[in-house]
Participant: 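Dumping the structure here so I can ask a few things about it.
Along the sequence shown, the residues carry numbers beginning at 1. Computed from a predicted structure; not experimentally measured.
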Amino acid sequence: MENTLIKEACVTNYFQAKKAVELGANRLELCFDLNNGGVTPSYGTAKQIKDNLNIPLFCMIRPRGGNYIFDKSEINIMLDDIFILVKYAKIDGIVIGCLNKNNEIDIETNKILINKSRELNKNIQITFHMAFDDIKDINVDYKKNINTLINLGIDRILTKGCKHNSFQGKDNIKNYIKYSKDKIIIMPGKGITNDNYKEIVDYTDCKEIHGTKIVGVLG
């Protein structure tokens, strides 16, 4: 298990990215403004990482903090960010999550972002971020919502199990993974560090795991 586990380090700048690689991260998620849940990083930072570090790089695509309900102007911002990051920075994946005013999955908006990304790179990976935990009544009908994301072509879901952190949500995460087996990746995140990740891995049988300290403190 340990040899095949993917540790995705969440980083906010080039120097954190470089240290994460040195400490053994298997993949990076780059975003800015973590205090607000993460927003789209700069093209320059993404390109510097791709040009100089030999590691898969995913970028958050989110124009602001707050909720996950986006208007037309914000959708256009995300489309422009996807264009420059995928086409010119050559990132390996995007991290998205759009809900409607009822806090249900916004199928059409997510589809627009996914289609744009795959027009630019048919093999690009797509993660649905912790907007998943804000979906209305998610644990009442998690199977339906997971199926919706599978049908949209999402590759993985980043989740804390709809609780404050992944340890509190580990039972829910375990259920998501059991249901999603071989159909979509469920990646636990929030509160997971290099010192405690084995508990979540052993309990949930996850294959990928995410955190700002997943390979140690990055500074």
Side-chain angles (χ1 to χ4, degrees), residues 1-10 25-29 31 34 37-38 56 58 60-62 67-69 93-111 113-114 124-215:
M1 172 65 71
E2 184 70 21
N3 291 334
T4 59
L5 179 70
I6 292 177
K7 294 181 180 179
E8 179 181 273
C10 181
N26 306 104
R27 187 172 67 223
L28 303 176
E29 182 199 332
C31 60
L34 273 182
F58 293 1
M60 172 81 81
I61 304 295
R62 186 181 178 212
N67 63 34
Y68 303 104
I69 304 163
I94 63 165
V95 182
I96 62 172
C98 306
L99 306 181
N100 62 27
K101 62 183 180 181
N102 297 317
N103 275 344
E104 300 161 337
I105 296 170
D106 185 338
I107 292 173
E108 290 308 311
T109 300
N110 285 297
K111 189 182 293 183
L113 301 181
I114 291 165
I124 197 161
Q125 290 280 299
I126 299 176
T127 299
F128 195 90
H129 58 51
M130 286 184 184
F132 181 81
D133 296 310
D134 279 18
I135 294 171
K136 180 181 178 181
D137 298 327
I138 181 61
N139 283 319
V140 175
D141 207 354
Y142 69 85
K143 294 179 181 178
K144 174 185 173 182
N145 286 287
I146 288 172
N147 286 340
T148 296
L149 296 178
I150 291 169
N151 291 333
L152 278 169
I154 298 289
D155 296 292
R156 70 183 47 72
I157 299 167
L158 173 62
T159 178
K160 56 186 187 293
C162 301
K163 300 291 185 180
H164 179 67
N165 61 49
S166 289
F167 292 91
Q168 294 178 10
K170 65 182 181 180
D171 289 324
N172 290 333
I173 294 170
K174 187 173 185 175
N175 288 335
Y176 305 159
I177 290 172
K178 184 176 180 180
Y179 176 72
S180 302
K181 195 170 182 64
D182 300 326
K183 294 181 286 188
I184 193 170
I185 296 163
I186 304 295
M187 180 170 62
K190 188 67 183 273
I192 304 173
T193 71
N194 188 50
D195 296 322
N196 64 25
Y197 74 90
K198 289 182 180 179
E199 178 185 339
I200 292 292
V201 173
D202 291 343
Y203 189 81
T204 67
D205 198 30
C206 64
K207 309 301 181 188
E208 301 187 4
I209 202 154
H210 168 100
T212 57
K213 299 176 183 177
I214 196 60
V215 291

Participant: Just wondering, do Asn67 and Leu99 contact through their side chains at under 4.5 Å, heavy atoms?
Facilitator: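 No - every pair of side-chain heavy atoms lies 4.5 Å or more apart.
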
Participant: Heavy atoms only: give me the nearest Pro188-Ile173 pair and the separation to one decimal.
Facilitator: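 Closest approach of Pro188 to Ile173, heavy atoms only: CG-CG2, 3.8 Å.
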
Participant: Could you report the tightest heavy-atom contact between Leu149 and Ile184, atom names first, then the distance?
Facilitator: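 So the minimum-distance heavy-atom pair works out to CB-CD1, 4.2 Å.
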
Participant: Nearest heavy-atom pair of Lys160 and Lys163: which atoms, and what distance?
Facilitator: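 Looks like CE-O, 2.9 Å.
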
Participant: Can you tell me how far apart CD1 (Ile200) and OG1 (Thr193) are? Round to the nearest 0.5 Å.
Facilitator: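 Ile200 CD1 to Thr193 OG1: 10.5 Å, rounded to 0.5 Å.
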
Participant: Going from CG on Leu158 to CE on Met187, what distance comes out if it is rounded to the nearest 0.5 angstrom?
Facilitator: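 So the gap between those two atoms works out to 4.5 Å.
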
Participant: Checking the side chain of Asn147 only, and the main-chain atoms of Lys143 only, is there a donor and an acceptor separated by less than 3.5 Å?
Facilitator: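 Confirmed, Asn147 side chain pairs with Lys143 backbone.
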
Participant: Does one side chain, of Tyr68 or Asn103, offer a donor that lies under 3.5 Å from an acceptor on the other?
Facilitator: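 On atom types as modelled, these side chains do not qualify, holding no pair under 3.5 Å.
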
Participant: To the nearest 0.5 angstrom, please state how far the CG atom of Leu113 sits from the CG atom of Leu152.
Facilitator: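 Reported value, rounded in 0.5 Å steps: 10.5 Å.
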
Participant: Look at the side chain of Arg27 and the backbone N and O of Ile6, then say whether any donor-acceptor pair between them is shorter than 3.5 Å.
Facilitator: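 Flag not set: sc Arg27 to bb Ile6 has no pair under 3.5 Å.
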
Participant: So do His129 and Glu29 actually touch side chain to side chain, heavy atoms under 4.5 Å?
Facilitator: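 No - every pair of side-chain heavy atoms lies 4.5 Å or more apart.
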
Participant: Would you indicate whether the side-chain heavy atoms of Leu34 and Cys10 approach each other to under 4.5 Å?
Facilitator: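 They are in contact (side-chain heavy atoms under 4.5 Å apart), so the answer is yes.
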
Participant: Please report the interatomic distance CG(Asp205) to CD1(Ile186), rounded to the nearest 0.5 Å.
Facilitator: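 Rounded to the nearest 0.5 Å, the CG-CD1 separation comes to 12.5 Å.
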
Participant: Going by heavy atoms in the side chains, are His210 and Ile192 under 4.5 Å from each other?
Facilitator: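 No, their side chains stay 4.5 Å or more apart.
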
Participant: Exactly one of Val95, Ile94, Thr127 should register a side-chain contact (heavy atoms from CB on, under 4.5 Å) with Met60. Which one does?
Facilitator: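 The option that passes is Val95.
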
Participant: With the side chain counted from C-beta on, respond yes when Ile107 and Asn151 share a heavy-atom pair under 4.5 Å apart, and no when they do not.
Facilitator: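 The answer is no; the side chains never approach within 4.5 Å.
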
Participant: Looking at Ile126, is its backbone amide N or carbonyl O close enough to the side chain of Asp155 to form a donor-acceptor pair, meaning the two atoms are under 3.5 Å apart?
Facilitator: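 Here the side-chain-to-backbone pair exists.
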
Participant: Heavy atoms, side chains only, cut-off 4.5 Å: are Asp171 and Tyr203 in contact?
Facilitator: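 Side chain of Asp171 against side chain of Tyr203, heavy atoms only: contact under 4.5 Å found.
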
Participant: Less than 6.0 angstrom from the centroid, inside 45 degrees of the normal: does Lys183 satisfy that with respect to the ring of Tyr179?
Facilitator: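 Yes, Lys183 and Tyr179 form such a contact.
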
Participant: List the steps, then state whether side-chain contact (heavy atoms from CB on, under 4.5 Å) holds for Tyr142 with Ile135.
Facilitator: CA-CA 9 Å; Tyr142 69 85; Ile135 294 171; over 6 Å; no

Participant: Looking at Lys101 and Ile69, what are the two nearest heavy atoms and their distance?
Facilitator: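 Lys101 and Ile69 have their closest heavy atoms at CA-CD1, 3.8 Å.
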
Participant: Any chance you could lay out the side-chain contact (heavy atoms from CB on, under 4.5 Å) test for Lys7 and Asn194, step after step, and finish with the verdict?
Facilitator: CA-CA 9 Å; Lys7 294 181 180 179; Asn194 188 50; 3.7 Å; yes

Participant: Please indicate whether Lys136 has more than 12 foreign heavy atoms, meaning atoms of other residues, nucleotides or ligands, lying under 6.0 Å from its NZ.
Facilitator: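 It does not: Lys136 NZ has 12 such atoms or fewer within range.
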
Participant: State, yes or no, whether a side-chain contact exists between Ile114 and Ile154 at a heavy-atom distance under 4.5 Å.
Facilitator: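 Side chain of Ile114 against side chain of Ile154, heavy atoms only: contact under 4.5 Å found.
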
Participant: Does the side chain of Thr159 come within less than 4.5 Å of Tyr176's, by heavy atoms?
Facilitator: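 Yes. Closest side-chain heavy atoms under 4.5 Å.
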
Participant: Among Thr109, Asn110, Asn102, whose side chain to side chain donor-acceptor pair (under 3.5 Å) with Asp106 holds?
Facilitator: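 When side chain to side chain donor-acceptor pair (under 3.5 Å) is applied between Asp106 and each of Thr109, Asn110, Asn102, only Thr109 qualifies.
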
Participant: For the atom pair OG1 (Thr204) and NZ (Lys207), what is the distance rounded to the nearest 0.5 Å?
Facilitator: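 Going from the OG1 atom of Thr204 to the NZ atom of Lys207 covers 9.0 Å.
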
Participant: Ignoring hydrogens, what is the shortest heavy-atom contact between Asn26 and Pro56? Give both atom names and the distance.
Facilitator: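 Taking Asn26 first and Pro56 second, the nearest heavy atoms are O-CD, 3.4 Å.
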
Participant: Report yes or no: does Ser166 contribute a side-chain atom to a donor-acceptor pair with the main-chain N or O of Gly189 at less than 3.5 Å?
Facilitator: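 Answer holds: yes.
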
Participant: Could you tell me the separation between the CD atom of Glu8 and the CG atom of Leu28, rounded to the nearest 0.5 Å?
Facilitator: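 The CG atom of Leu28 is 8.0 Å from CD of Glu8, to the nearest 0.5 Å.
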
